[in-house]
Amino acid sequence: MDDIFTQVREGNAFHVRVWLDNTENDLNQGDDHRFSLLHWAAREGRTNIVDMLIQRGARINATNMGDDTALHLAAGHGHRDVVVMLLHNKANINAINEHGNTPLHYACFWGFDQIAEDLVNNGALVSIANKYDEVPLDKAKPFLTKMLKDRALALGQDLSKIPFKDRSWLGYKTRSRDALLSRHPGIDIAQLQLVGHVASTHSGETWRGRWQDNDIVAKILNIVECTLRNSRDFQEEFPRLRIFNNPNVLPVLACCNQPPNLVVISQFMPFGSLFNTLHGESGIVVDQNQALRFAIDIARGMEFLHLMEPMIPNFLLTSKHVMIDEDLAKINVDDPKYASEINGIDEDLTARINMADYRFTFHERGKEYNPAWMAPEAMLKKPAEINMKAADMWSFAILLWELETREVPFADLTPMEIGMKVALEGLRIKIPPGISSHMSRLIKICMNEEAGKRPRYDMVIPILEKMKQSS
């Protein structure tokens, strides 16, 4: 089979689907010019493949080396159906490339009248100037210029020219990942440019750094002794964490297996964990609608993990093990009336299950540091006797409570006290009166004392989606 970029360009949907079914294949990787698979599918008008990639979690606003997004390419090559699909999935309509051009600049230049009209109707600004001080209307033929100008005025746009200002140095662009991230899972620790210490936890030391022009975090596992057996187990277990094909799972990108250092490497998430987000450390305000979106994201990620055969063991679902992701593509203007578009955070943040928080079989045996999220039976029984899917659903119930209350479960107790009281004394979270009756009932169902009576994630997701629609 030819490489995956060729398959996408040629529209071979079957081969692309087979490739995507391999969890170790990274659908957000880029070629030598950082064109992602979505870039190529959009450029060639492969609508079915664009849809497939979006459904599997392709980053809508990823940029190539010229700062083009998929929307730039679809608009510039006249693929209206792809443009509409990208807009429906929250593509940044006013994204600028290295020349300062927006998708509307290209639609106007090439005379794609319907696409230009679609873009303006969906919020494309007709007055953004590129590096050469040209606005999209300067690129259009007279009749199109008049039509777009009239339409923009009818929509309330201010036609005053918005001057170009280079913001590339701020690092807002989300580049397609280097394909080498997928090809070489085992790397030399010397290849990592570790630039800042992020955190020290019981499980390891976390550092921020760069690898192959990608922002990464490297977690150096805390282990008493790195034996040959530990190193071998690490090498065997690590590949299962490279789950690239689900938008709600954050994969481990690579590892360093160089005793005494065992290191797992994953993509840097600027907003940190859900725990940080909910409890005030990230600066993000989570409203009710966003909380429900996070809950749905987590449920979808866990549903995917539960469908894997065999299921990944040794992963405890907590808000500390869920990361918050956002595609930081911003409009490039300075006018105060567009400040919310420049500085505001897209409301559609994504929650992703962090595979870097997997507990290796040789790591922290017999120790539990986050019992507040654990099912009571998980602390009382041997691993072989536990219904892990049901135990995960209990953890999800605690997360739902946390999302609703914005409180830390059992915050006034030590982890040891929590574990003892939950497992042996019937300590349970208390649902305050302010929570909706629907959410209250769902939390109670998900943490049923009888593990076998707890629902599956495919049963919970439709309930959460219905709550979101009615909120």
Side-chain angles (χ1 to χ4, degrees), residues 9 33 35 38-47 50 60-168 172-173 329-342 344:
R9 285 196 298 269
H33 298 283
F35 277 70
L38 185 60
H39 277 106
W40 280 115
R43 183 184 186 277
E44 301 299 325
R46 309 300 184 188
T47 310
V50 169
I60 301 296
N61 294 311
T63 56
N64 61 17
M65 291 181 72
D67 286 343
D68 294 302
T69 65
L71 186 59
H72 279 98
L73 300 179
H77 287 81
H79 302 304
R80 187 186 184 194
D81 49 352
V82 175
V83 168
V84 171
M85 189 178 296
L86 292 170
L87 292 177
H88 180 71
N89 285 279
K90 300 193 175 181
N92 182 2
I93 199 166
N94 290 305
I96 64 166
N97 63 13
E98 65 179 354
H99 301 293
N101 289 322
T102 66
L104 184 58
H105 276 90
Y106 289 118
C108 289
F109 178 80
W110 292 108
F112 297 125
D113 304 353
Q114 287 186 315
I115 291 176
E117 188 175 6
D118 289 337
L119 290 170
V120 172
N121 285 335
N122 282 277
L125 302 175
V126 301
S127 52
I128 295 179
N130 61 19
K131 276 187 177 181
Y132 316 104
D133 203 37
E134 300 167 318
V135 300
L137 299 182
D138 295 330
K139 298 284 191 178
K141 294 178 180 178
F143 78 93
L144 180 57
T145 298
K146 184 180 186 309
M147 180 184 72
L148 296 180
K149 187 175 181 179
D150 291 344
R151 187 64 188 140
L153 287 170
L155 291 170
Q157 284 194 31
D158 183 345
L159 300 191
S160 302
K161 183 178 291 188
I162 303 168
F164 171 79
K165 184 176 181 181
D166 185 11
R167 289 177 177 265
S168 59
Y172 285 158
K173 299 292 184 179
K330 312 271 182 162
I331 185 174
N332 191 10
V333 297
D334 290 315
D335 194 299
K337 60 183 175 292
Y338 301 114
S340 62
E341 294 176 82
I342 301 169

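Taking the six-membered ring where tryptophan is involved, the planes of His77 and His79 are essentially parallel, since the angle between them stays under 30° and well short of 60°.
Rounding to the nearest 0.5 Å places CD1 of Ile128 at 8.5 Å from CG of Leu104. The CG atom of Asn97 sits 9.5 Å away from atom CG of Leu73, with the distance rounded to the nearest 0.5 Å. Separation of atoms CD (Gln114) and CG (Leu119) is listed at 12.0 Å; rounding is to 0.5 Å. Here the CG atom belonging to Leu137 is positioned 12.5 Å from the NZ atom belonging to Lys146, to the nearest 0.5 angstrom. Annotation: the span from Asp138 atom CG to Thr145 atom OG1 amounts to 7.5 Å, rounded to 0.5 Å. Annotation: the span from Thr63 atom OG1 to Ile96 atom CD1 amounts to 11.0 Å, rounded to 0.5 Å.
Annotation: side chain to side chain donor-acceptor pair (under 3.5 Å) contacts of Asp133 (sequence neighbours excluded): Lys161. Partners of Lys149 according to the side chain to side chain donor-acceptor pair (under 3.5 Å) rule, which considers only residues two or more places apart in sequence or in another chain, do not exist here.
Applying the salt bridge (Lys or Arg N to Asp or Glu O under 4.0 Å) test to every pair with at least one member in residues 96-109, sequence neighbours left out, gives no pairs at all.
Within the 3.5 Å criterion, the main-chain N or O of Leu125 finds a donor-acceptor partner in the side chain of Asn94.
Using a 4.5 Å heavy-atom threshold, the side chains of Trp40 and Arg46 count as separate. Taking 4.5 Å as the limit, some side-chain heavy atom of Cys108 sits within range of a side-chain heavy atom of Leu148.
Under 4.0 Å is where a charged nitrogen must lie from a carboxylate oxygen, and between Lys139 and Glu134 at least one such pair does.
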